[in-house]
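In this text the structure is predicted, and so the values were computed from the model without any measurement. So that the names make sense, note that chain A is the first sequence line, chain B the second, and so on, each numbered from 1. FYI, side chains are in, hydrogens and waters are out, and symmetry mates aren't considered; it's all heavy atoms of this structure.
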Amino acid sequence: MTMRVRFAPSPTGQLHVGNARTALFNWLLARGSKGTFILRIEDTDVERSTRESEAAILRDLRWLGLDWDEGPDVGGSHGPYRQSERLHLYQSYAQELLAADSAYYCFCSTAQLDADRQEALAHGRPAQYAGTCRRLSREQTSARITAGEHPAIRFRIPEGRDVVFTDAVRGDVRFQTEVIGDPIIVRADGTPAYNFAVVVDDALMEVTQVIRGEDHISNTPRQVLLYEALGFTAPTFAHLALVMGPDHSPLSKRHGATSVAEFRSKGYLPEALINYLALIGWSPGGGDELLPIDELARRFSLEDVGHSAGVFDEEKLAWVNRHYLKIADPSRLAELSLPYFVKAGVPMTPDAAGIAFLASAMAMASASVDRLEQVASRLAFLFDYAPVRTLEDETMRTEMSMPDSRAVVTALVEELAAAPRLDREKFREVANRVKARTSRKGKSLFHPIRVALTGRAEGPELDLAVPAIDLGAELPASAGMPPIVGNRERAAAFLRALELGS
RNA sequence: GUCCCCAUCGUCCAGAGGCCUAGGACGUGGCCCUUUCAAGGCUAAAACACGGGUUCGAAUCCCGUUGGGGACGCCA
């Protein structure tokens, strides 16, 4: 039998990184063993499900590179893949259970149920369904229905049984049916409830391994019983330990970013997020950590998945991201960083030449930054040069007004007046001549040059930054880039600003 | 409260009875590189939760305690 796995999100919000990890583990298993990866939308909660979040989840999954073989948008032989489009199926299986007396109508009100739960808790009993409607006769039931009541349908959990299932990551897990209340399988409004819909769907879609979060482990015995009552064979289950925040509480908003969309907008690369997520609760072995997704799939195995919850560590994510930033194609990074420039107040709509320029500038930014978001400020000196503003800073003005610094700037202006466009070598020549004229060297030579030419006290290596400035200054307006002031003009403007200020 | 799951450096993993004076990675400290900030290289500190067993021998097996997490919804 070929392997079939699925990821089944409910479209009630953003794709959470914890869920993304669940999707990833399913995907890795499928891709590592020529299996089928199914995407199913669990939208039976009509109140909270939206098409917008379904679209967002699909988009995020695609961004991560997790593609599916069957799903709501691509179809497949076991569809439809939205639970809201499978209602008739649940209806007919519910009738079957009712007919076999494996299920029964329940008329209990929410208020009644709440009261029962309080009562049970108060007496130290498990907070499960009291069984009020369990023994209603067929006559009583039909009488109440004709009278206009709208009952839900509950599954009858058999008494006195031991339910054991073998979890692929944990081994045997055992529950006594005494601690399991009869679950609702169809709500009063006719829609199926989770425990029922998953079983029907996983069975009909011929899912062979159900890999999901540990929060579902206590649902599993109910589902195993449901498979049995429906005459289906249960799949293999695997429950993944949850992803926690730094304080070991479930990862949530107060810990910072939690959704895939947020990490994307902060400038993490999809391959970095994927690689990092795979490292929580699993190890590729051999001491390797930085591996592309297909290699991850090749090495993945459920048996090697850890049993304990893992803390999401954004520092380590950043380290992984730095790695992928370093090996990424510069023009791809240039494209990807566009939104961050816009957000930083540097609007641009570059053409091919503009992108090529940005890509060439990437070398001095992407290797020294955690995230794409930071590229914009790392390269801001190219587009935003304002000596007067720079000298408004007290310490900057004091520093640059010193005779030594001033001499360097003056010499720089004069040398630049005679210099052509600066490339790396030309810049070195100019720097050397300034050095000879001022007999300044090291920091006292290069620092003033840096401030004069970039308007900043720190930034990328001047060897890279200075040529980039002149390269950018030559860009035609048609390149769609903000105007870039050349080195010669910068030096002159800086000296003027310096004289004005003193 | 009841049931279930889990327990190695601050964090993520390796370790499947002797190879462990417990290994790697992130982070942290130090050093180096360096015209700045980063990045990078090297290096150091840092853990088997506790208590009982089993065994010639336990981080590894068993039991208990403690701690953490999950579930107990007409949410999924």
So [X], base contact, sugar-phosphate only, or nothing? Heavy-atom distance under 4.0 Å.
X	value
A/Ala127	base
A/Ile184	base
A/Leu121	base
A/Phe175	sugar-phosphate
A/Arg378	base
A/His447	nothing
A/Arg170	sugar-phosphate
A/Thr44	sugar-phosphate
A/Leu462	base

- What is the pairing partner of B/G64, taking Watson-Crick or G-U wobble pairs with both distances under 3.5 Å in any strand? B/C50

- Message: Could you tell me the Watson-Crick or G-U partner of B/C3, where both distances fall under 3.5 Å? Say none if there is no partner.
- Response: B/G70

- Item | Nearest heavy atoms of A/Phe196 and A/Ala94, plus distance in Å | CZ-N, 3.6 Å

- Per-pair stack call A/Trp319 and B/C26, 5.5 Å, 30°: no

Of all the choices, [options], which nucleotide is nearest to the side chain of [X] once you look at every atom?
X	options	value
A/Glu289	B/A76, B/G24, B/U35	B/G24
A/Arg117	B/A76, B/G73, B/C6	B/G73
A/Glu461	B/U11, B/U2, B/U36	B/U36

- Task: In sequence, state the C-alpha distance, the side-chain angles, and the governing distance for A/Asp288 and A/Arg299, and then conclude on salt bridge (charged side-chain N to carboxylate O under 4.0 Å, His left out).
- Result: CA-CA 11 Å; A/Asp288 297 323; A/Arg299 301 196 191 193; 3.0 Å; yes

Between the base of [N] and the side chain of [X], is there any donor-acceptor pair under 3.5 Å?
X	N	result
A/Asp215	B/A76	no
A/Lys316	B/A25	yes
A/Arg450	B/U36	yes
A/Arg456	B/C37	no

- Short N-O contact, A/Glu458 and A/Arg456, less than 4.0 angstrom: no

- Can you label the angle between the A/Phe237 ring and the A/Phe165 ring as parallel, tilted or perpendicular, going by 30° and 60°? perpendicular

- Establish, yes or no, whether the cationic atom of A/Arg144 lies under 6.0 Å from the six-membered ring centre of A/Tyr105 and within 45° of the ring axis. no

